[in-house]
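One structure is given here, and the rest of the page talks about it.
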Amino acid sequence: MNSDAKNVLRERIELLHPKNAVKNMNLIGRMLADNREMSVWEHDTKTLPLGVRRWRRRALKFAREYIRPLAPEADLHPHDYDPKPILSAAARKGFQTLLFTPPIGSASTLPFLRGTTLQIAVVGEEFATECGGLALLLLAHNLGIVPLLLSGSIRTIIRHFFPFYIKSRILGRPDCMAFAITEPGAGSDVEETEGGAMANLVTTAKYMPAMGGYILHGQKCFISDGAKADKVTVYAKLEGEGIESWTCFLVEKGMKGFSVGRSERKMGQRASDASELIFDNVFVPKKNVVGKLRSGWANNRNVLNYSRPVVGAMALGHGRGAFERCLEFCRRTKLGPKKLIEYQEIQVELADMMISLWAARSMIWQSCRQFRCYQSASAAAKVTASDTAFKVCNQAMEIMGDHGYIHSNGVERAWRDSRLTQIYEGTNQINRLALFEHHMSSDFYIEES
Amino acid sequence: MKNGTYMHISAEDMESYRDLARQFCKKSLQPLFEGEYSDGNLSLLPEKIETAFKIGLAASPEPSMPGNCYGIWGASVDEEGMKSSLHLLSIIAETCGGVAMSLHAQGVASNLVMQKGAEPVPVPVPVRVGLCLQEGFTPPYLGTILTPDRDVPARVMVTADKTANGYLINGHKSFVYSMHDVDTYVVFVRFGETWACFLVPSRSAGVSRNDAGVRTGLRACSLGHVDFRNVEVPRDARIDDGNALALMARALCMNWAGMAAIAVGIARGAAAAARIYAAQRYQGGAQIEEHPAVKALIAGSEASIGAAESVVLSLSDCNDFSLRTLGKAASVKLAATDLCARAVTDTLQTFGGYGYMEDFGMEKRLRDVTVLKSAAGSPLYLKQLIFDVEKEAAI
């Protein structure tokens, strides 16, 4: 084909492009066709309620300004960076108090009433896009707070949320919180009904009427932010009883007998610690009992309903981070005279990654769009998003060939980070069982034979 | 090789080689992993590699070295096929994928040097060799393999020019896997319209190496990028016979087959670890191996590993390393690394949170096998190459 013929063909292709072809339609026809040239991120943002849109934009800005520059070093040398500045900055901007609305939280009120976790999920995706470890550092803290909220105790909420809001949003000195359920002999067991019934738990609370509180003894492991936390919501069975007596206690740093054991060496999300917490006859005053006695198991299961969509959103962020960095690589890398992004097989692969991420985001947002999160939707969102993220990260690494596994390119970090999301907050197998359990009397009912 | 002739490897010989590899893993490699780091104590690695040379597992172009003939990719591969090397790599990878990769990279480069045949090898004879084949982020596509001077899709940028006494080499090679402290590089370059292959001492003027930096896995094997700036080499440093295309095909075939075997070894190690863990760990009042979800993960992984192993062993008796085998070797790497990566991630899942921590070595296995998938030919590249090779063969 000579150059004139090529030019003619190029002009025809340009004319056939939907944005130009639509000019041949009448006014109403043109209005019904949406050919705005806008990124997927912008398109998605515009579907959100106004208050959530604002948080999404703020989170993107924060992630790029604060998380991106810190991420590579925090991953390589997790013990050598100081997490306080970023925790403080996030708190001042209101990211640490999104679990309630003003005057004791920073979540946008109307959207909060329509979807309690949507704002945190949206923020979580943006943070995790830049770094899984730092995102976990900032978000695991919400996991520590949510038992207080879900305890249903107005007294607990007021007593703890108000001072926390003042310290976080106004003073910029937030208390970091953590959530402790997992024990060395009981991981998946504490996240599932049948396992719970047979769980081998050691952390026990003994009531001491004379002292006005409980003596806590036992051990928890793999606690995100455990080493950094100022306060931990800890679940323990009452002495002489089983898991049905599980009660949530608020344990504070400095309480005698409370110490941090080993911090795990993990494959990813390294900027946040996963630590062992040791309770050696720790006295916990009665006022630190969260909610009713023996309401811990129900509280724990409901916490998982609220946290799993956010874990899914974080996974989505890991996948998106890998996708964005891979896309950038394809834009700047040449194979012969052409850029990588100009090759059709690369375009197909990139489009496939975007479709996967889009589908996962739709599912997460759908699961968050109700005031009360429920078990099956939360589990489904978490499973879909974490499996999708790991798949997308693998695709990104494969497109980049040998560059994919080099740390400085950032994709392998996202890949390592994403793998954890298939494990924590209940392995994806446990989450599937959770979904089944929720609908056993409806979708999955079994006829008696 | 004894007195210039090959001794056929019998089934008993093969078993004793396997046993040698197992003993090497048990006595030499396992102590590397007694510390808290899943990648092991890499400062002890040089002495372990030295042991591999002494006992004949590591091949070397130096004829007096024990592994010259029967080591991994030693000279016997042309008579016996790939079986021995594939088995040994797989066994070593059960303990450490990085060490297996190190021995593999040394073996492939050594084998190329040994192809020089009756021609004199430069003195001193290289002992530790590294293969410089790749430019950019993938090995050459078939178009480039056949016509290195044309952009199909990308021409070869590392060149050799003839001088009065030899050749002058210029360019940049990337992602060179090798043992630590190689003394010589085997370098593929464009010479006019064809390929040429040279031995370049690593300490020659104009040769510089940069470490590839922190990476996901296979950390026991050295990885770097090598620059050649006006590097002068004598005439006898050229090891091809006028066109290095056959050597290029040999290098790629061996490289992919070996990497596939390493992936199988890693996955087998992971499955064995998962079996042990599943029998010891209790959840829900029973050993986790009693839970159907865990059974499904382990059984599915073992099926994938079995399939991958069959695919790899389909190359066992192959001693044809020409372009005819290229598509087959690419298919083996594509299929085996994918199956094994899936198997490793599934077996890791059975460990729950412990799988993600360094203590059980599962996360290292996942990192290692994932690198094998992308290294020296990603799935996208391999698919393209397999298609092109088949098309070329049909024409």
Side-chain angles (χ1 to χ4, degrees), chain A residues 72 75-76 182 185-189 192 194-200 221-222 264-269 274 329 333-338 340 343 345-346 349 390 394-395 397-408 411-413 415-416 419-420 422-424 426-430 432-433, chain B residues 36-38 134 136-139 141 144 150-155 174-175 212-218 223 281-286 288 291 293-294 296-297 341 345 348-359 362-364 366-367 370-371 373-381 383-384:
Chain A
D75 176 64
L76 277 180
T182 307
S188 297
D189 280 352
E192 190 239 342
E194 286 181 27
M198 289 179 275
N200 173 27
C221 64
F222 300 155
E264 302 290 343
R265 295 184 56 82
K266 48 184 178 163
M267 182 167 92
Q269 304 204 8
F329 176 84
T333 305
K334 278 188 152 185
L335 179 62
K338 286 202 293 185
L340 217 49
Y343 287 87
E345 64 269 33
I346 300 291
E349 202 72 11
F390 191 60
N394 272 304
Q395 284 176 289
M397 284 177 84
E398 288 170 18
I399 287 177
M400 291 170 69
D402 287 272
H403 287 282
Y405 56 81
I406 300 296
H407 182 268
S408 56
V411 170
E412 70 90 38
R413 175 159 50 85
W415 173 83
R416 284 185 286 112
R419 186 63 185 83
L420 183 54
Q422 294 178 308
I423 297 172
Y424 65 16
T427 62
N428 280 3
Q429 286 68 27
I430 290 290
R432 286 182 174 95
L433 292 176
Chain B
E36 58 180 310
Y37 298 97
S38 64
Q134 191 167 320
F137 69 105
T138 60
Y141 284 76
T144 310
R150 287 173 50 206
D151 278 329
V152 276
R155 72 172 65 188
S174 47
F175 300 105
V214 182
R215 58 205 149 98
T216 311
L218 299 178
L223 179 66
R281 173 78 174 169
Y282 279 74
Q283 289 282 282
I288 61 169
H291 294 280
V294 173
L297 283 172
T345 200
L348 183 149
Q349 191 74 3
T350 63
F351 285 69
Y354 287 106
Y356 198 73
M357 310 303 162
E358 293 200 11
D359 308 54
M362 292 301 286
E363 57 89 38
K364 170 187 158 37
L366 182 61
R367 289 189 284 109
T370 302
V371 169
K373 245 195 329 175
S374 296
S378 67
L380 280 181
Y381 159 85
K383 284 176 197 166
Q384 184 76 46

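Just so we're on the same page: letters track the sequence lines, and every chain starts at 1. Given the structure is predicted, the values throughout are model-derived calculations rather than measurements.
When heavy atoms are compared at a cutoff of 4.5 Å, A/Thr333 approaches chain B solely by way of its side chain, counted from C-beta outward. The parts of A/Ile399 that come within reach of chain B are both its backbone and its side chain, each placing non-hydrogen atoms under 4.5 angstrom from that chain. Heavy-atom distances place no part of B/Ile288 under 4.5 Å from chain A, backbone and side chain included. Contacts of A/Gln395 with chain B are absent, with no heavy-atom separation under 4.5 Å from either backbone or side chain. For B/Ala341, no part lies under 4.5 angstrom from a heavy atom of chain A.
The main-chain N or O of A/Gln422 is found under 3.5 Å from a side-chain atom of B/Gln349 such that the two form a donor-acceptor pair. With hydrogens and angles ignored, the 3.5 Å screen pairs a side-chain donor or acceptor of B/Thr216 with a backbone N or O of A/Tyr405. Side-chain N or O atoms of A/Asp402 include none that pairs as donor or acceptor with a backbone N or O of B/Thr138 at under 3.5 Å. At least one donor-acceptor pair closer than 3.5 Å links the side chain of B/Tyr356 to the backbone N or O of A/Gly268.
Closest approach of A/Gly401 and B/Ser378 over heavy atoms only: CA-CB, 4.1 Å.
The residue from A/Asp75, A/Ile406, A/Leu76 that alone fulfils the side chain to side chain contact (heavy atoms under 4.5 Å, CB included) condition with B/Val214 is A/Leu76.
Highest contact tally toward chain B, considering only A/Thr182, A/Ile423, A/Asn394, is held by A/Ile423 [criterion: heavy-atom pairs under 4.5 Å]. Across A/Arg265, A/Arg416, A/Glu264, the residue that shares the most heavy-atom pairs under 4.5 angstrom with chain B is A/Arg265. If you tally non-hydrogen atom pairs under 4.5 Å between each of A/Pro337, A/Ala197, A/Gly404, A/Cys221 and chain B, the highest count goes to A/Pro337. Note: B/Met357 leads B/Met357, B/Arg155, B/Gln384, B/Gln134 in heavy-atom pairs under 4.5 Å with chain A. Listed options B/Tyr282, B/Tyr37, B/Tyr141 were ranked by heavy-atom pairs under 4.5 angstrom with chain A; first place goes to B/Tyr37. In terms of heavy-atom pairs under 4.5 Å with chain B, the best-connected choice from A/Arg432, A/His403, A/Lys266 is A/His403.
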**OP:** Evaluate side chain to side chain donor-acceptor pair (under 3.5 Å) for B/Thr345 paired with A/Arg419, printing each intermediate quantity in order.
**Re:** CA-CA 9 Å; B/Thr345 200; A/Arg419 186 63 185 83; 2.7 Å; yes
Worked check of salt bridge (Lys or Arg N to Asp or Glu O under 4.0 Å) between B/Arg215 and A/Glu412
CA-CA 8 Å; B/Arg215 58 205 149 98; A/Glu412 70 90 38; over 6 Å; no
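In terms of the side chain to side chain donor-acceptor pair (under 3.5 Å) criterion, B/Tyr381 has no residue partners (sequence neighbours excluded). When the side chain to side chain donor-acceptor pair (under 3.5 Å) test is applied to B/Ser374, no partner is found at least two apart in sequence or on another chain.
Proximity of A/Met397 to B/Val371: side-chain heavy atoms (C-beta onward) are nowhere separated by under 4.5 Å. Taking the side chain as every heavy atom from C-beta outward, B/Leu380 and A/Glu398 never approach each other to under 4.5 Å. Within the 4.5 Å cutoff, side-chain heavy atoms of B/Arg367 are placed close to those of A/Trp415. Using a 4.5 Å heavy-atom cutoff, the side chains of A/Gln429 and B/Val294 are not in contact.
Remark: B/Leu366 CG to A/Met267 CE distance equals 5.0 Å, nearest 0.5 Å. The distance from atom CD1 of A/Ile430 to atom NE2 of B/His291, rounded to the nearest 0.5 Å, is 8.0 Å. Annotation: the span from A/Leu340 atom CG to B/Phe137 atom CZ amounts to 4.0 Å, rounded to 0.5 Å.
A centroid separation of less than 6.0 Å is found between the aromatic rings of A/Phe222 and B/Tyr354.
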